[in-house]
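Scope of the values below: all heavy atoms of this structure, side chains included, with no hydrogens, waters or symmetry mates.
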Amino acid sequence: MRTPRPRPGAPTPAPFADRPAGIGDPAPEPPEPIRRLLAHTVPSGAPTPTSVELRAHGLIRVHRWWCRFESRQILVPPTAFRWDARVRGPAGIRIDGFDRLGPDGGAMHWRLFGVLPFVGASGADVTRSAAGRLAGEFVLLPAFAAHRDVHWEPVDDTRARARVAVAGHPHEVTVTVTPSGALASVSLPRWGNPDGGPFREHRFTATCEGEVSRGGFLLPSGIRAGWDDAEPFIRYDFDTAEFHRVAPKPSSGPPATESPTGPVSTGPFGPGHRPGRNSRVEE
């Protein structure tokens, strides 16, 4: 499978530069589980990044099939992300596209073979669901846990709850940390309609598996995620991570016909995607 390439004009993360205003401002000390997480995952004396570019591969459930995908994601919490992917479906079908959140809201654009329109959506519900996704994924930029805009409260010896606003929507994110300081899981009420009904809050959980050093930081080696009232619909492993202190601006343009580099709300096919129960892996 060919590695996704960014389309012409897509954002390219900038190299480390001077720390942006506010990043170094003091924040209240987080609860003990988060202090343990930061001590374990963030190298001592490391510069404070504001964004991360992640490349991954894995499986995503599309209706009744498990399909292979490769992706490139840029996370800039708490304001923006863009996730581009190439998905290999049944019978040689290829689906290219992206989900994103930016200053103009959330959107998704997916095309068959990179040409034929397949799924496109935007609007208030997509934006709110995308905001929930970014709120849950800020832990993939570990140092952001100490940011002054993240307000923590303790739950118990292994869990803490973060309050963070994304795209004008407040979120409560429960983070579970192992005794050694590794990230174990992230869970939050998230806007969506996985049951096919009206949009409302459903609990969404990502479970972490193992650890791997990427860009000098420790990240989960694999993640399984999905709505709590259904089986996980996506599982993936990280290939690379590049951390940056000048945030790239995720593009708001249309997808390219040559493999753009991808999920907004529940996965590549949006907040209403409801995977089938009889699923199989497509080679």
> Is the cationic atom of R235 (NZ for Lys, CZ for Arg) positioned less than 6.0 Å from the six-membered ring centroid of W66 and within 45 degrees of its normal?
Replying inline: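 So R235 does make the cation-pi contact.
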> Any ion pair linking R111 and D96 (charged N to carboxylate O, less than 4.0 Å)?
Replying inline: no
>> Regarding R200 and D195, does a basic nitrogen lie under 4.0 Å from an acidic carboxylate oxygen?
In response: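 Result for this pair is yes, salt bridge flagged.
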Linking I/L/V/M/F/W/Y whenever their side-chain heavy atoms sit closer than 4.5 Å, directly or via other members, would [X] and [Y] fall into one cluster?
X: F113; Y: M108; value: yes
X: V139; Y: I34; value: yes
X: L38; Y: L218; value: no
X: V150; Y: V186; value: yes

> Does a sphere of radius 6.0 Å around CG in D157 hold more than 12 heavy atoms from other residues, nucleotides or ligands, not counting ones at 6.0 Å or beyond?
Replying inline: no
> Where does the angle between the aromatic ring planes of H109 and F98 fall among parallel (under 30°), tilted (30 to 60°) and perpendicular (over 60°)?
Replying inline: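 Judged by the thresholds at 30° and 60°, the geometry between H109 and F98 is tilted.
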> How close do T127 and A167 get, heavy atom to heavy atom, and via which atoms?
Replying inline: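 Closest pair (atom of T127, atom of A167, distance): CG2-CB, 4.3 Å.
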> Looking only at heavy atoms, what is the nearest atom pair of T41 and L37, with distance?
Replying inline: OG1-O, 2.7 Å
>> Taking side-chain hydrogen bond (donor to acceptor under 3.5 Å, both in side chains) as the definition, give me every residue that meets it alongside T158, ordered by chain and number, with sequence neighbours left out.
In response: D156
Any side-chain heavy atom of [X] within less than 4.5 Å of one from [Y]?
X: C67; Y: R88; result: no
X: L75; Y: L141; result: no
X: L140; Y: F238; result: yes
X: T174; Y: L188; result: no
X: Y236; Y: I223; result: yes

> Only one of H57, R55, R72 forms a side-chain hydrogen bond (donor to acceptor under 3.5 Å, both in side chains) with D239, so which one is it?
Replying inline: H57
>> I'd like to check the side chain to side chain contact (heavy atoms under 4.5 Å, CB included) partners of A184; sequence neighbours left out, ordered by chain and number.
In response: T176, T178
>> Run the side chain to side chain contact (heavy atoms under 4.5 Å, CB included) test against P189 and tell me which residues pass, sequence neighbours left out.
In response: E201, R203
> How would you list all residue pairs meeting salt bridge (Lys or Arg N to Asp or Glu O under 4.0 Å) that involve residues 162-179, not counting sequence neighbours?
Replying inline: E153-R163, R163-E172
> Which residue pairs pass the salt bridge (Lys or Arg N to Asp or Glu O under 4.0 Å) test when at least one of the two sits in residues 209-218, sequence neighbours left out?
Replying inline: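 Applying salt bridge (Lys or Arg N to Asp or Glu O under 4.0 Å) to every pair that reaches into residues 209-218, excluding sequence neighbours, yields E209-R224.
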> Considering residues at least two apart in sequence or located in another chain, which fulfil the ring pair (Phe, Tyr, Trp, His ring centres under 6.0 Å) criterion with F144?
Replying inline: F138, H147
